Amino acid sequence: MPSQVSNNMATKQVRYEALVRALHTDLYRYAYWLTHDKQISEDLVQETFLRAWRALDSLKDEKAAKSWLITILRRENARRFERKRFEMSEYEEANVMDTQSTSTEQEIENHWLREKMAQLPPEYSEPLVLQILGGYSGEDIATMLNLNKNTVMTRLFRARNQLKEALEKEPVTRGQYNG
Amino acid sequence: MDDLQYRRSIYADPTCQDEDILAAQQADPAKKEFAQDLIQLDERLKRAMQVPVPDGLCEKLILRQTLASHQQKKRKSRVHLALAASVAIIAGLAVNYLQFSSSFTNLGDYALAHVYHEQDDFSNDDKNLVSLTSLNQKMIAFNGSFEQSLGQLISADYCRFDGMKSLHLVFKGITDTVTVFVVPKNEQLAFSQYFSDSKLQGESIGFKNTNVIVIADKNESLSQWQRAISDNITWSI
């Protein structure tokens with residue numbers, strides 16, 4: 001009996017580590033686009049995986065693991081808002097991830113795009129991240145965000161529309177005048 | 001599909017493979033180009049969304065969980081230990097209670113039970129008698145002595161009277177033996193002066209440190225025995 005228990009524990013540990021290795025990157029990035037803050041994202045991911053460990057036995061379908069984790073993370077994030085409702089500040093320019101230390105053309109574009117994405121209202125950016133980064137369909141996103149599909153499609157349309165407009169306003173020579 | 005509807009659909013999902021979308025793209029190369037444009041934008045957005053993940057995050061996540069579940073296990077085993085300890089203590093108390101507490105609440109009940117238990121060991125016909133001297137030697141333990149013999153003493157032995165060392169005397173009586181217990185006073189058993197059942201009767205006298213209990217069948221006069229004992233016994237300090 002004790003050996004079976006420890007065997008189960010060992011199996012659980014293996015499952016957990018596989019889950020962490022496979023999905024921590026996606027989850028961290030999702031958290032980042034949800035919070036625009038590196039530290040909070042890391043904390044959220046930690047908390048999410050701890051909760052996932054406790055509930056790991058309820059995860060039957062490994063294919064559903066990512067959306068299961070995202071659901072946990074969104075709930076954790078909402079909880080953070082309940083706790084810190086009065087401490088929350090609006091998005092600030094300084095919070096955007098700065099990756100310009102190596103200022104290649106690509107990095108400059110990424111930085112610029114990140115700024116624009118960070119300026120999207122969260123209800124637009126969230127489905128966009130789920131679609132582009134997570135690879136989820138409109139139906140999947142609707143289920144995850146507890147919205148109907150038409151609402152999701154409208155938000156995706158507006159998100160891309162706003163980004164495209166911002167891109168078109170930007171001079172082609174952007175970046176060379178930066179700094 | 002009109003242009004606006006097409007644009008909305010493509011903006012919402014540039015990789016949309018719906019039949020009417022594909023048909024529209026087939027019919028109008030500009031529409032196809034528009035979709036390609038947005039797919040390219042998605043590529044750029046995807047690259048931008050792939051923010052660098054902190055170094056060692058994966059290891060940190062595994063480490064934190066390992067520590068947390070280790071803590072949990074330690075807590076669990078502590079709970080188990082505490083449970084086991086509680087059970088052991090309760091078992092100990094129960095054994096103690098069953099072994100050392102009396103199931104009798106008063107002197108009389110216990111004395112009767114004691115006499116019944118040993119009634120086959122003695123009879124009025126026993127020939128071996130105990131002398132007053134050896135009786136008094138045994139009484140030393142209770143700081144008492146008898147001046148005269150109370151009668152024909154068949155047996156005088158120490159015995160356990162509900163766990164207490166006591167002296168168990170058996171005299172010849174009129175029809176059957178008469179039992180006298182010399183018992184140290186004890187709070188566990190309530191003093192009962194008179195007691196009886198269908199066959200036997202008993203009477204106790206409380207002295208300073210000792211109770212003397214006489215038990216005999218209904219043919220004996222217990223008060224006579226008690227008077228004889230009271231007159232005959234002396235207690236040293």
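Chain A is the first sequence line, chain B the second, and so forth, proteins listed ahead of strands; every chain is numbered from 1. Owing to the predicted nature of the structure, the values given are computational and were not obtained by experimental measurement.
Cation-pi geometry between A/Arg160 and B/Tyr11 is not met at under 6.0 angstrom from the ring centre and within 45 degrees of the axis.
Remark: A/Asn146 CG is loosely packed, at most 12 non-hydrogen atoms of other residues, nucleotides or ligands lying under 6.0 Å away.
With respect to A/Glu47 and A/Arg79, no salt bridge is recorded, no charged nitrogen being found less than 4.0 Å from a carboxylate O. Ion pairing of A/Glu165 with A/Lys169 is absent here, as no side-chain N (NZ or NE/NH1/NH2) approaches a carboxylate O to less than 4.0 Å.
Proximity to chain B (any heavy atom under 4.5 Å) is restricted, for A/Leu50, to the side chain, taken from C-beta onward. For a residue to count as touching a neighbouring chain, one of its non-hydrogen atoms must lie under 4.5 Å from one of that chain's; by this rule B/Leu45 touches chain A with backbone and side chain alike. A/Gln131 touches chain B through its side chain: at least one heavy atom from C-beta onward sits under 4.5 Å away, while N, CA, C and O do not. In this structure, no portion of B/Glu43 lies under 4.5 Å from any heavy atom of chain A. A/Met117 touches chain B through its side chain: at least one heavy atom from C-beta onward sits under 4.5 Å away, while N, CA, C and O do not. In this structure, chain B has no heavy atom under 4.5 Å from any part of A/Val152.
For the residue pair A/Asn77 and A/Arg74, no side-chain donor N or O sits within less than 3.5 Å of a side-chain acceptor on the partner. Looking at A/Asp140 and A/Ser137, their side chains do bring a donor and an acceptor atom within 3.5 Å of each other.
The residue among A/Leu156, A/Leu163, A/Asp26 with the most heavy atom pairs within less than 4.5 Å of chain B is A/Leu156. Taking B/Thr15, B/Thr66, B/Ile62 one by one and counting their heavy-atom pairs under 4.5 Å with chain A, the maximum is reached by B/Ile62. Most heavy-atom pairs under 4.5 Å with chain A: of the set B/Leu38, B/Leu57, B/Val53, B/Asp37, this distinction falls to B/Val53. The candidate from A/Trp33, A/Phe157, A/Tyr30 with the greatest count of non-hydrogen atom pairs under 4.5 Å with chain B is A/Phe157. Put simply, of B/Arg8, B/Arg7, B/Glu59, B/Lys60, the one with the most heavy-atom pairs under 4.5 Å next to chain A is B/Arg8.
Along residues 83-92 of chain B, no residue comes nearer than 4.5 angstrom to chain A, judged on non-hydrogen atoms.
Between B/His168 and B/Tyr158, the distance separating the two ring centers is not shorter than 6.0 angstrom.
Note that CD1 of B/Ile215 is 7.5 Å distant from OG of B/Ser204, once rounded to the nearest 0.5 Å. With rounding to the nearest 0.5 angstrom, the CD atom of B/Glu19 is 11.5 Å from the CD1 atom of B/Ile21. Taking CZ of A/Arg155 as the start and CD1 of A/Ile141 as the end, the distance is 11.5 Å to the nearest 0.5 Å.
Minimum heavy-atom separation, B/Ser123 to B/Ile154: O-CD1, 3.4 Å.
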